[in-house]
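Input: a single structure, listed below in structure tokens.
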Amino acid sequence: MRFPLYIAKRYLFSKSGTNAINIITLISIISIIIGTAVLFIVLSAFSGLKDFNVAVTSIVDPDLKLLPSSGKTITLLDGQQKAITDLEGIAYVSKVIEERAYLEYDGKTHLAFIKGVDENYLKVNNVDTTIFAGKWPSIDEPEVAIGYGIRRRLSLGISDYGNLLKIMVPKPGTGQITDPSQAFSSSSAVASGIFQAGESLDNDHLFTNIDFIGRLLDYPVNTVSTLEIKLNPNVAEENIRSSIKEIFGDTIIIKNRTELNDALYKMLNTENLALYFICTLVLIIALFSFIGSIIMIIIDKRKHIKTLSDLGATLAEIRRTFFYQGALMIVIGGALGILIGVIIVFLQQQFSLVRITASLAYPVKFEITNLFLVYTTIFVLGILAAKLASSRINKRFLYNNL
């Protein structure tokens with residue numbers, strides 16, 4: 001093994017007698033470096049994009065959310081709320097009532113989701129940090145915080161007590177509606193604040209206190225739409241899930257932040273996988289030129305091959321010599337590509353070279369798994385390419401040289 005590897009190193013760092021071969025070899029190595037760097041940057045960008053979406057959804061989505069397994073509400077039995085609050089690993093539990101609401105203000109109308117929350121809600125979520133005008137609704141007042149999109153559609157002002165927002169929600173019950181005028185409960189509230197938490201929330205969500213929406217819907221005190229939970233740091237989620245199931249049985253469904261945004265994460269993962277394969281295809285195309293450059297080096301080294309054969313080198317050893325040369329080119333080119341990719345990711349993190357908006361840099365994240373995935377991809381494909389190129393040396397090739 002030492003003899004072929006020694007010769008391969010000499011060939012790797014020595015120039016060919018033909019200038020065209022030197023240029024082609026250089027181009028193939030540069031292609032490998034660029035392809036590797038691009039693949040690493042793309043994967044790092046998607047890792048950053050995932051973290052960015054997690055950060056955005058964490059503003060309004062809890063660590064765990066309990067939803068009814070059937071129907072629209074959860075009825076809390078005696079002791080259930082205390083039992084779940086006392087569970088080790090749970091920091092806070094918030095009761096929430098959600099319903100579709102028809103909004104009317106100064107002749108303008110809009111359909112939205114109204115969310116009534118209790119005093120623990122802001123300990124579970126940080127949605128109040130998105131308030132940019134006004135304040136969060138008081139617990140005991142008919143006040144609402146509205147999304148910026150709703151405010152724009154309704155031309156709604158803050159703390160306008162002279163012109164209140166009318167909120168209509170469907171009355172609970174079953175059976176056919178005979179009188180549409182009796183199908184809705186209505187009340188009025190004042191907008192206490194405006195939030196911006198993302199386009200989907202800004203356009204169709206408003207928050208109020210749970211007592212206001214509970215009275216509007218005529219819900220019993222122990223009836224809620226969901227329970228939202230904040231976990232203590234470093235707690236085992238599966239253990240908490242099992243404990244919650246013991247308390248509520250099959251009456252609830254438990255979802256974490258990822259499951260609540262299942263469609264988003266599936267889309268991101270699919271796009272990530274698609275771009276990985278596209279970039280890998282680009283690498284494969286680059287490796288074709290790499291194979292061609294190795295074959296041209298073999299042809300250029302015919303006299304050397306004859307000398308090696310005369311010195312007693314076997315066909316397998318000569319093949320290994322050029323295989324090692326190709327493998328070294330891949331190892332070095334891949335390492336340089338990874339290094340360039342890491343530097344670019346670091347520069348983006350520190351200096352925000354590429355921006356989505358004037359105030360928002362494109363998110364990137366350095367992950368060791370991405371580094372290993374990229375290097376493994378280029379190494380495996382490169383080794384196969386080097387093996388294929390070196391296999392062109394056969395007995396006929398040696399015979400023609402002798």
Side-chain angles (χ1 to χ4, degrees), residues 4-47 272 274-302 304 319-351 353-354 362 364 366-393:
L5 184 58
Y6 173 76
I7 300 299
K9 289 179 181 177
R10 294 294 300 270
Y11 283 167
L12 179 64
F13 297 106
S14 63
K15 290 186 178 181
S16 172
T18 306
N19 194 44
I21 294 178
N22 293 326
I23 295 173
I24 293 171
T25 303
L26 181 62
I27 291 173
S28 65
I29 293 175
I30 291 174
S31 299
I32 292 167
I33 293 172
I34 293 175
T36 305
V38 167
L39 181 55
F40 179 77
I41 292 168
V42 166
L43 294 181
S44 298
F46 265 87
S47 295
N272 191 12
L275 278 174
Y276 169 76
F277 283 124
I278 292 171
C279 291
T280 302
L281 180 61
V282 172
L283 274 177
I284 292 172
I285 294 172
L287 288 171
F288 277 113
S289 67
F290 168 75
I291 292 172
S293 68
I294 294 293
I295 292 173
M296 294 184 70
I297 290 171
I298 291 171
I299 295 172
D300 185 63
K301 302 292 185 183
R302 284 189 177 193
H304 293 201
R319 281 179 174 174
R320 280 203 299 272
T321 298
F322 290 96
F323 168 75
Y324 290 150
Q325 183 181 356
L328 288 171
M329 291 168 64
I330 290 296
V331 169
I332 295 172
L336 289 174
I338 290 288
L339 179 61
I340 292 171
V342 169
I343 291 172
I344 292 174
V345 168
F346 174 78
L347 292 174
Q348 174 65 14
Q349 289 176 330
Q350 297 298 317
F351 304 106
L353 303 177
V354 179
Y362 197 97
V364 293
F366 174 81
E367 286 188 344
I368 294 294
T369 52
N370 288 338
L371 190 149
F372 280 114
L373 177 61
V374 172
Y375 201 78
T376 300
T377 300
I378 186 62
F379 183 77
V380 171
L381 292 176
I383 291 299
L384 292 174
K387 189 72 175 176
L388 179 62
S390 63
S391 67
R392 303 305 298 172
I393 303 175

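Everything numeric in this text was worked out from a predicted model, so none of it was measured.
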Any idea which heavy atoms bring Thr36 and Gly334 closest together, and the distance?
CG2-O, 3.6 Å

Take atom CZ in Phe379; do more than 12 heavy atoms of anything else shown fall under 6.0 Å from it?
no

Hey, is the main chain of Val374 close enough, under 3.5 Å, to the side chain of Tyr276 for a donor-acceptor pair?
no

Scanning both residues in full, the closest heavy-atom pair of Asn370 with Leu43 reads ND2-O, 3.4 Å

Write down the atom of Cys279, the atom of Val38, and the distance for their closest heavy-atom approach.
SG-CG1, 4.2 Å

Find the distance between NZ (Lys301) and CE (Met296) and round it off to the nearest 0.5 Å.
12.5 Å

Between Thr376 and Leu373, is there a donor-acceptor pair closer than 3.5 Å when you use the side chain of the first and the backbone of the second?
no

Under the criterion side chain to side chain contact (heavy atoms under 4.5 Å, CB included), I'd like the reasoning laid out for Ile393 against Ile298: C-alpha separation, chi angles, the key distance, then a yes or no.
CA-CA 8 Å; Ile393 303 175; Ile298 291 171; 3.7 Å; yes

Can you tell me how far apart CD1 (Ile338) and CD1 (Ile41) are? Round to the nearest 0.5 Å.
10.0 Å

Could you go step by step and tell me if Leu381 and Thr280 meet the side chain to side chain contact (heavy atoms under 4.5 Å, CB included) rule?
CA-CA 9 Å; Leu381 292 176; Thr280 302; 3.8 Å; yes

So, for Gln349 and Phe366, which heavy atoms are closest and what is the spacing to 0.1 Å?
NE2-N, 3.6 Å

Mind checking the OG-CG spacing from Ser293 to Leu287? Nearest 0.5 Å is all I need.
9.5 Å

To the nearest 0.5 Å, what is the distance between CD1 on Ile33 and CD1 on Ile30?
6.5 Å

Is there a side-chain contact between Ile383 and Ile330 (heavy atoms, below 4.5 Å)?
no

What I'd like to find out is whether the side chain of Phe322 reaches to under 4.5 Å of the side chain of Arg392, using heavy atoms alone.
no

Under 4.5 Å between any side-chain heavy atoms of Leu388 and Leu384, yes or no?
no

Please round to the nearest 0.5 Å and tell me the distance separating atom OG of Ser28 and atom CD1 of Ile294.
7.0 Å

Check whether any side-chain heavy atom of Ile32 sits under 4.5 Å from a side-chain heavy atom of Met329, and report yes or no.
no

Minimal heavy-atom distance between Val364 and Ala45, with the atoms involved, is CG1-CA, 3.9 Å

Nearest non-hydrogen partners of Ala386 and Phe290, listed with the distance:
N-CE2, 4.0 Å

Quick one: does Tyr375's side chain get under 4.5 Å of Val331's, heavy atoms only?
yes

For Phe40 and Ile344, run side chain to side chain contact (heavy atoms under 4.5 Å, CB included): C-alpha distance rounded to whole Å, both residues' side-chain angles, the deciding distance at 0.1 Å, then the answer.
CA-CA 10 Å; Phe40 179 77; Ile344 292 174; over 6 Å; no

Rounded to the nearest 0.5 angstrom, the CG-CD1 distance for Leu39 and Ile34 is 13.5 Å

